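Atom set for the values below is all heavy atoms of this structure, side chains included, hydrogens, waters and symmetry mates excluded. Each chain gets a letter, A, B and so on, in the order the sequences are listed, and its residues count up from 1. Predicted model, so just to flag it, every value in this text is computed and none were measured.
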Number of protein chains: 2
Amino acid sequence: MELDPIDKALLNLLQQDSKQTNKALAYRLDMSVTAIFERIKKLENNGVLKKYVALVDHKVVDKNFSAFCHIKLAQHSRDFVVKFEKEVAKLPEVLECHHISGDYDYLLKVVVKDMEAFREFMVNKLTSIQHIGSTHSMFVINEVKNSTALELA
Amino acid sequence: MELDPIDKALLNLLQQDSKQTNKALAYRLDMSVTAIFERIKKLENNGVLKKYVALVDHKVVDKNFSAFCHIKLAQHSRDFVVKFEKEVAKLPEVLECHHISGDYDYLLKVVVKDMEAFREFMVNKLTSIQHIGSTHSMFVINEVKNSTALELA
DNA sequence: AAATTATATAGAAAAATATTCTTTTATTAT
DNA sequence: ATAATAAAAGAATATTTTTCTATATAATTT
């Protein structure tokens, strides 16, 4: 789908705050409410707008410990890879799992309550998945920036 | 703020789909629309619900290349650290910046159009920030999982 | 170039939802 | 038990979303 400058401006706004009313968006972009409505519907139908989510404060919900976890598989046969990816995606503590280039095969973002919960997670959940060769964890000391928005220019 | 099981169930639902109507949420949780409305307002006012955002398909908007980028600072004096963090947070290509434990100081998530755009970003934007010692980049081959939701049980 | 088709926009009307208000119910403390 | 507090339900109101109709704009065909 082709995105014109208005679509991009609209997406930028919705990525910052998806609860703005069409009226507010219409005012900002100097268009009618209907025009905004139709454009959003089109962006939704074409899969440009994938989903709308609420973001929760990690501290307040007592999940204030994040770690990035490198994982190397013991073997790389297709079946093992598929199995590993399926299992790891199921774990709610794993917010992200990326297959990456470099020394390790995967990079995971893990969010839990505290260091103790992380240890618990490693011992009982992650490393109990079959075919994991080795792991290497980095702990988040401070979150400098954490956004979901892509700048569309 | 104390979260009871209904609050947690509500947060889990809103983290998956924040566009559900209060009516739909009320039906799922077997409560009245008003009860849902009041709870959401309270969660917003107490900072539990931080913001509502639209998620955009990276492929469709032509930003289908992600990299994780390790950064080591040349010096760690307070001023340099503050300056670096401020500068890097400004870059729209940097969706995340975490101060982490381990061999490197920071881990960045960078999202751009393609490898060429990444090179451009590294040369002209990232490494032009003062006080960067060294960098090490890992490219995302495949995104196995990418979620923003914390499971509240 | 004129006519035609498709596409986007605007404004008004209708439908659905969010929000407020009042009453009721449940919970907690005295 | 009784009073005070907080949460919930239902009805009333205000907003918003969505649909509908009309108009303008752009692209396409003849």
Side-chain angles (χ1 to χ4, degrees), chain A residues 1-63 147-153, chain B residues 1-63 147-153:
Chain A
M1 178 190 179
E2 274 304 307
L3 301 176
D4 70 12
I6 298 174
D7 288 325
K8 289 178 181 175
L10 187 50
L11 289 169
N12 284 334
L13 290 171
L14 290 172
Q15 284 184 105
Q16 296 301 332
D17 176 9
S18 63
K19 271 238 162 150
Q20 301 174 78
T21 63
N22 290 344
K23 193 173 155 191
L25 292 165
Y27 180 75
R28 274 164 172 277
L29 299 177
D30 194 29
M31 298 182 73
S32 72
V33 171
T34 306
I36 297 296
F37 176 82
E38 297 287 356
R39 277 173 182 267
I40 291 175
K41 274 287 159 291
K42 192 171 174 185
L43 291 167
E44 286 171 357
N45 294 336
N46 288 57
V48 184
L49 282 166
K50 216 165 29 173
K51 66 189 305 197
Y52 299 91
V53 300
L55 300 182
V56 152
D57 189 305
H58 290 201
K59 205 173 304 185
V60 182
V61 299
D62 212 22
K63 260 129 199 326
S147 166
T148 53
L150 304 176
E151 188 187 57
L152 305 180
Chain B
M1 178 191 178
E2 275 302 309
L3 301 176
D4 70 14
I6 297 174
D7 289 324
K8 290 179 180 175
L10 187 50
L11 289 169
N12 284 333
L13 290 170
L14 289 172
Q15 284 184 104
Q16 297 301 330
D17 175 9
S18 63
K19 271 239 161 150
Q20 299 175 77
T21 63
N22 290 344
K23 194 174 155 189
L25 292 165
Y27 179 76
R28 275 164 171 277
L29 299 177
D30 195 27
M31 298 181 74
S32 73
V33 172
T34 305
I36 297 295
F37 175 81
E38 297 287 358
R39 277 174 182 267
I40 291 176
K41 273 289 158 290
K42 191 171 175 185
L43 291 166
E44 285 171 358
N45 293 336
N46 289 60
V48 184
L49 282 166
K50 215 165 29 173
K51 68 189 304 200
Y52 299 90
V53 300
L55 300 181
V56 151
D57 190 305
H58 291 202
K59 204 172 306 184
V60 182
V61 299
D62 213 21
K63 261 122 194 337
S147 167
T148 53
L150 304 177
E151 187 187 59
L152 304 181

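- For the OP1/OP2 pair of D:dA7 and a distance below 4.0 Å, the side-chain nitrogens and oxygens of B:Lys42 include at least one atom meeting the criterion.
- Distance check: B:Ile36 CD1 to B:Glu38 CD gives 11.0 Å after rounding to the nearest 0.5 Å.
- Atom CG of B:Asp30 has 12 or fewer heavy atoms from other residues, nucleotides or ligands within 6.0 Å.
- Reading DNA chain C from its 5' end, the first and the last nucleotide to sit under 4.0 Å from a heavy atom of chain A are C:dA8 to C:dA12.
- Closest non-hydrogen pair, B:Ala35 versus B:Ser32, comes out as N-OG, 3.1 Å.
- For the pair B:Lys51 and A:Gln16, the tightest heavy-atom approach, listed with the atom from each and the gap, is CE-O, 3.2 Å.
- For DNA chain C, no neighbouring residue in residues 46-54 of chain B is found when judged by any heavy atom under 4.0 Å.
- Between B:Arg39 atom CZ and B:Thr34 atom OG1 the span is 12.5 Å, to the nearest 0.5 Å.
- For the residue pair B:Ser18 and A:Ser18, the shortest heavy atom distance occurs at OG-OG, 4.3 Å.
- Distance CD (A:Glu38) to C1' (D:dT19): 9 Å, rounded to an integer number of Å.
- Rounded to a whole Å, the CD atom of B:Glu2 is 16 Å from the C1' atom of D:dA7.
- Atom pair A:Met31:CE and D:dA24:P shows a separation of 17 Å (rounding to whole Å applied).
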After noting the C-alpha distance and the side-chain angles of B:Glu44 and B:Tyr52, does the key distance pass the side-chain hydrogen bond (donor to acceptor under 3.5 Å, both in side chains) rule?
CA-CA 10 Å; B:Glu44 285 171 358; B:Tyr52 299 90; 2.6 Å; yes

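- Distance B:Ile40 CD1 to D:dA8 P: 12 Å, rounded to the nearest Å.
- Atom P of nucleotide D:dA9 and atom OH of B:Tyr27 are separated by 15 Å, given to the nearest angstrom.
- Between B:Leu29 and B:Ala9, the shortest heavy-atom contact is CD2-CB, 3.8 Å.
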With side-chain contact (heavy atoms from CB on, under 4.5 Å) as the criterion, how do B:Val60 and A:Lys50 come out once you've worked through the C-alpha distance, each side chain's angles and the decisive distance to 0.1 Å?
CA-CA 10 Å; B:Val60 182; A:Lys50 216 165 29 173; over 6 Å; no

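- Contact detail for A:His58 and B:Leu150: the closest heavy-atom pair is CD2-CD1, 3.4 Å.
- For residues 17-24 of chain B, proximity to DNA chain C is found at B:Thr21, B:Asn22, B:Lys23, defined as any non-hydrogen atom under 4.0 angstrom from a strand atom.
- Residue A:Arg39 contributes atom CZ, which lies 17 Å from atom P of D:dT17 at whole-angstrom precision.
- A:Met1 approaches A:Val48 most closely through the heavy-atom pair SD-CG2, 3.8 Å.
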